[in-house]
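Note sheet for the following structure.
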Amino acid sequence: MKRLLITGAAGGLGHMLRDRLTHIAPILRLADIAPIAAPRPWEEIVQCDLADAAAVEAMVAGCDGILHLGGISVERPFAPIMQANILGLYNLYEAARAQGQPRILFASSNHTVGFWQQSDRLRPDCPYRPDGLYGVSKVFGEALARMYFDKFGQETALLRIGSCTERPENHRMLGSWFSHDDFLRLIEAVFRVPKLGCPVIWGASNNSRGWWDNSHLDWLGWQPQDNAEDYAAEIARQQPPPAPDDPLARFQGGLFTQFPIYKD
C-alpha cells in the first residue's frame, strides 16, 4: 500500500494513530473537516466536508486503503448525523467505487447493539438494537457497506468499536474496552490479509468480562492481547460500582440508552 487515507484525523483516535501507522503506508493522507496540524514529510493534509461529494472524491483519489474514522461520533440532532454519517458515508463509497475500490476499515460502533443487556454474549449476526440516532446511522453504514460488497465487491471491515481509550475508565469499560495497541494490531491485520470480504468485527480487547464473540475471525490473524481486568482493582478503588438498574450496569450502550432525541 502506497497511500492510506485516514478520515477524522483531527479526532482523538485519528490523532492517536497518526504516529503509529507509518509502517503500513509510506504516505498518510489525513483528512477532516476540522483543521489538522502542519504535516510531516510523509503526510498529506486534506480539509474535507464529507457531505461534499466532489471534495470526497478528490480526497479518496490515489489512495490504496481507507481508515474511515470521520463523521459524528456521539449522540447529536439528526441533521448533522445525517450529513456526516449517512450522506457522507454514501459519498465515501461512491468515491471509492470511482477510484478503484480501495479497501476500507469502517469505524462502526457498539451503539448499533446498545440496548442488548450486558449479560448477553453477542455474535456478529445478532439483531441490531441501536440506542440512539448515532447508533442508527452506524446501522445504515454497515448496511451500505454490505450492499457495496455484494453489488460491487468493495471490501470493508465493519468494526464495531467498543470503548477505545488508553485505559478503561469505568466499570462498563471492563466489558467494552478496546486498547490502542489492539486497535493498531487490528488495522495491520485488516490491510495485510489477502482477502477481506465484509466481516463484522467486534472492536474490543481480550476482556475477561467481555460481551462479544470474535471467534469467527480466526482467518484474519488478529488476536487482541490486552485485558481490561488488569485495571479492575484500580477502578474499584476509584469509584463505586453502578447500581444494578443503572444503564452503565444494565445495557451494553450504557448512558446512550438514556439520551433523548436531541433537536437543533
Mind listing the side-chain donor-acceptor pairs of residues 254-264 below 3.5 Å, one per line with the distance, residues two or more places apart or on another chain?
residue : atom : partner : partner atom : Å
T257    : OG1  : G254    : O            : 2.8

Charged N to carboxylate O under 4.0 angstrom, [X] versus [Y]?
X	Y	value
D150	R146	yes
R237	E234	no
E94	R97	yes

Please examine the side chains of [Y] and [X], heavy atoms only from C-beta on, and report whether any two atoms are closer than 4.5 Å.
X	Y	result
D181	Q225	no
L13	F183	yes
D120	V113	no
Y128	E142	yes
H171	Q239	yes
Q118	R209	no
V56	C48	yes
C126	W116	yes

Apply side-chain contact (heavy atoms from CB on, under 4.5 Å) to the pair N214 and W222, showing each step before the final yes or no.
CA-CA 10 Å; N214 268 329; W222 173 63; 3.7 Å; yes

As a quick check of understanding, evaluate side-chain contact (heavy atoms from CB on, under 4.5 Å) for F106 and K138, giving each step before the final call.
CA-CA 9 Å; F106 168 55; K138 293 300 186 178; 3.8 Å; yes

Without swapping roles, check the side chain of Q238 against the backbone of I235 for a donor-acceptor pair under 3.5 Å.
no

So does A55 get a backbone contact from the side chain of D52, meaning a donor-acceptor N/O pair under 3.5 Å?
yes

Can you see whether Y231 has R167 sitting over its ring - NZ or CZ less than 6.0 Å from the centre and within 45° of the normal?
no

Short side-chain donor-acceptor distance under 3.5 Å, D226 and S205
no

If we ignore angles and hydrogens, is there a donor and acceptor under 3.5 Å between the side chains of Q252 and H111?
no

Joint hydrophobic cluster, [X] plus [Y], side-chain heavy atoms closer than 4.5 Å:
X	Y	value
I24	L30	yes
M147	I86	yes
M16	L21	yes
L17	F178	yes
L217	I187	yes

If you look at every heavy atom in [X] and [Y], which pair is closest and at what distance?
X	Y	answer
R123	W202	O-CZ2, 3.3 Å
A204	S176	CB-O, 4.4 Å
L159	G203	CD1-CA, 3.5 Å
A145	Y93	CB-OH, 3.3 Å
F191	L4	CZ-CD1, 4.0 Å
I161	A107	CD1-CB, 3.8 Å

Who are the side chain to side chain donor-acceptor pair (under 3.5 Å) partners of [X], not counting sequence neighbours?
X	value
R29	E44
T22	none
R129	none
R103	E155

Are more than 12 heavy atoms from other residues, nucleotides or ligands located less than 6.0 Å from atom NE2 of H15?
no

Take a 6.0 Å sphere around CD of Q47 and say whether it holds more than 12 heavy atoms from other residues, nucleotides or ligands.
yes

Could you walk me through whether R185 and E188 pass the salt bridge (charged side-chain N to carboxylate O under 4.0 Å, His left out) test, one step at a time?
CA-CA 5 Å; R185 295 180 188 109; E188 292 170 342; over 6 Å; no

Which side-chain N or O atoms in residues 60-75 pair as donor and acceptor under 3.5 Å with protein atoms at least two apart or in another chain?
residue : atom : partner : partner atom : Å
D64     : OD2  : K2      : N            : 2.8
D64     : OD2  : R3      : N            : 2.8
H68     : ND1  : T7      : OG1          : 2.6
E75     : OE1  : L133    : N            : 3.4
E75     : OE1  : Y134    : N            : 2.9
E75     : OE2  : L133    : N            : 2.7

L50 vs M59, side-chain contact (heavy atoms from CB on, under 4.5 Å): CA-CA, chis, key distance, verdict:
CA-CA 10 Å; L50 293 173; M59 174 186 72; 4.1 Å; yes

Taking it one step at a time, do L5 and V46 satisfy side-chain contact (heavy atoms from CB on, under 4.5 Å)?
CA-CA 10 Å; L5 168 64; V46 177; over 6 Å; no

